[in-house]
There are 2 protein chains.
Amino acid sequence: MNKNPNFIGTTFYSLDTKNRLAIPAKFRLLIPHGQTLILSQGLEGCLELYPSNSWKLLSEKLENISIKNKKDKRAFKRILFANASEVEFDEEGRILIPQLLIDYAVLKKETAVIGLGEKIEIWAKHLWIPYYKKQKNLFIQQASKIEL
Amino acid sequence: MNKNPNFIGTTFYSLDTKNRLAIPAKFRLLIPHGQTLILSQGLEGCLELYPSNSWKLLSEKLENISIKNKKDKRAFKRILFANASEVEFDEEGRILIPQLLIDYAVLKKETAVIGLGEKIEIWAKHLWIPYYKKQKNLFIQQASKIEL
DNA sequence: TCACAATTCCCCACTTTTCCCCACCATGCG
DNA sequence: CGCATGGTGGGGAAAAGTGGGGAATTGTGA
């Protein structure tokens, strides 16, 4: 009965001096109260925030993925899990981001919080903006080919 | 059971100083009460408004297009989701348009709201008028080739 | 075991944004 | 005319985001 969350949209929020970051109320409402979340490193230098059930799906997917080199697979899994962290909301709907992950994503004060369906990505704004501009053109080219 | 809406026609409405935009009553009546809508980027610089189930179908379609490169595929999904937003009607039948999308479509006070069957497009009037004039001629040429 | 430092967490306060509500005006129609 | 409907605008309450003080907790080293 528990419907999968469907996070959508971009918001620009501030990481404060205590490494706290607000999560948009719209997203919070999609997450059952008291549920913990998993914050881990994502690709292209962002962070990923998962509700625990989405995280579970991800780990299962990872088990079934076919990387020929088993050694590489183990390594990938280790890095993913080693840097992952359980986080909770405080009274104001913020999460505390571990220093390790702040360094990984080169987070400064300005961040972009982006809903991607089953997960939420967190980007340093100074990295997101150029990435966005570059990829937007690719998007438009691809989308133009599709009959709507 | 649930019949697809069929939005038709152009209206020129005002975006107010609080970024609210009225949706024509005749369109609203086609949307079940309480249903959320997805506002997202369209092509040629407009915005598109979908009943959420229509958007879901569209996004799945877009996600399944064949991009071999996984990195490009991630980028595609990010752009798709980053520029979309859930919106609801207020008591007066208006939606609140996020600043990000206002910037995307270069919306000023005067907007054009256009019914296109299953979706509604929102244009800055100053962009719509020249686009319309230009495409109208093309339309006439095309029409002469088509048997109706 | 204790003292000290660093981190985390609870709480409060301030500012901005969003949303509820009402009021106005134009239009169309009996 | 008077009433109903639909679009526009704005006041003000409520919610959301931001920042910081200080207590509680944890960890470290003497």
Side-chain angles (χ1 to χ4, degrees), chain A residues 5 7-31 33-39 49 83-103 107-115 120-125 128, chain B residues 5 7-31 33-39 49 84-103 107-115 120 122-125 128:
Chain A
F7 307 112
I8 294 177
T10 306
T11 47
F12 297 110
Y13 279 1
S14 297
L15 185 73
D16 70 20
T17 54
K18 293 180 175 180
N19 293 349
R20 295 175 300 190
L21 179 67
I23 300 300
K26 269 189 180 177
F27 292 173
R28 253 181 289 141
L29 293 175
L30 299 175
I31 299 167
H33 191 67
Q35 178 170 351
T36 63
L37 304 168
I38 310 292
L39 182 65
L49 184 63
N83 293 331
S85 171
E86 275 193 27
V87 295
E88 286 177 5
F89 292 122
D90 70 7
E91 297 297 315
E92 285 74 32
R94 295 172 289 195
I95 59 171
L96 182 66
I97 303 186
Q99 192 59 46
L100 191 72
L101 291 176
I102 287 187
D103 294 341
L107 295 186
K108 308 291 181 195
K109 187 178 187 208
E110 294 184 305
T111 70
V113 180
I114 303 164
I120 298 166
E121 283 191 352
I122 298 167
W123 288 69
K125 188 173 176 183
W128 169 250
Chain B
F7 308 113
I8 294 176
T10 304
T11 47
F12 296 107
Y13 279 1
S14 296
L15 185 72
D16 70 20
T17 55
K18 292 181 175 181
N19 292 349
R20 295 175 300 190
L21 179 68
I23 300 300
K26 61 177 178 176
F27 291 174
R28 250 181 291 141
L29 293 175
L30 299 175
I31 299 167
H33 190 66
Q35 175 166 3
T36 63
L37 303 170
I38 306 291
L39 182 65
L49 185 63
S85 176
E86 268 194 32
V87 296
E88 286 177 5
F89 292 122
D90 69 8
E91 298 297 314
E92 285 73 33
R94 294 172 290 196
I95 58 171
L96 181 66
I97 303 186
Q99 191 59 48
L100 194 74
L101 291 177
I102 288 185
D103 294 340
L107 296 186
K108 308 291 181 195
K109 188 178 186 207
E110 294 184 306
T111 70
V113 180
I114 305 163
I120 298 167
I122 298 167
W123 288 71
K125 189 175 175 184
W128 169 249

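Only a predicted model underlies this, so the values are computations on that prediction, with no experimental measurement involved. A note on names: the letters A, B, ... follow the listed sequences, proteins ahead of strands, and every chain is numbered from 1.
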> Under the 3.5 Å rule, do the base of D/dG12 and the side chain of B/Lys18 count as making a donor-acceptor pair?
Replying inline: yes
>> At less than 3.5 Å, do the side-chain atoms of B/Arg94 and the base atoms of D/dG6 form a donor-acceptor pair?
In response: no
> Within this structure, what is the CG-to-C1' distance between B/Leu96 and D/dG9, rounded to whole angstrom?
Replying inline: 15 Å
> Can any side-chain N or O of B/Lys109 pair as donor or acceptor with the backbone N or O of B/Thr17 at less than 3.5 Å?
Replying inline: no
> Closer to the 5' end of DNA chain C via nearest nucleotide, is it A/Lys26 or A/Glu91?
Replying inline: A/Glu91
>> OP1 or OP2 of D/dG7 versus the side-chain N and O atoms of B/Lys109: is any pair under 4.0 Å?
In response: no
> Does B/Glu92 make a side-chain donor-acceptor contact with the base of C/dC22, cut-off 3.5 Å?
Replying inline: yes
>> Tell me whether the side-chain N or O atoms of B/Glu88 pair up with the base of C/dC19 as donor and acceptor below 3.5 Å, since no angle test is needed here.
In response: no
>> Taking donor-acceptor contacts at under 3.5 Å, does the side chain of B/Arg20 reach the base of D/dG7?
In response: no
> Do A/Pro24 and A/Ile120 come close enough that some side-chain heavy atom pair is under 4.5 Å?
Replying inline: no
> Distance-only, no hydrogens or angles: does the B/Ser14 side chain make a donor-acceptor pair with backbone N or O of B/Glu110 under 3.5 Å?
Replying inline: no
> Is there a donor-acceptor pair closer than 3.5 Å between any side-chain N or O of B/Thr111 and the backbone N or O of B/Tyr13?
Replying inline: yes
> Closest nucleotide of DNA chain C for B/Phe89 versus for A/Asp90: which of these residues is on the 5' side?
Replying inline: A/Asp90
> Does A/Arg28 make a side-chain N or O approach to OP1 or OP2 of D/dG17 shorter than 4.0 Å?
Replying inline: yes
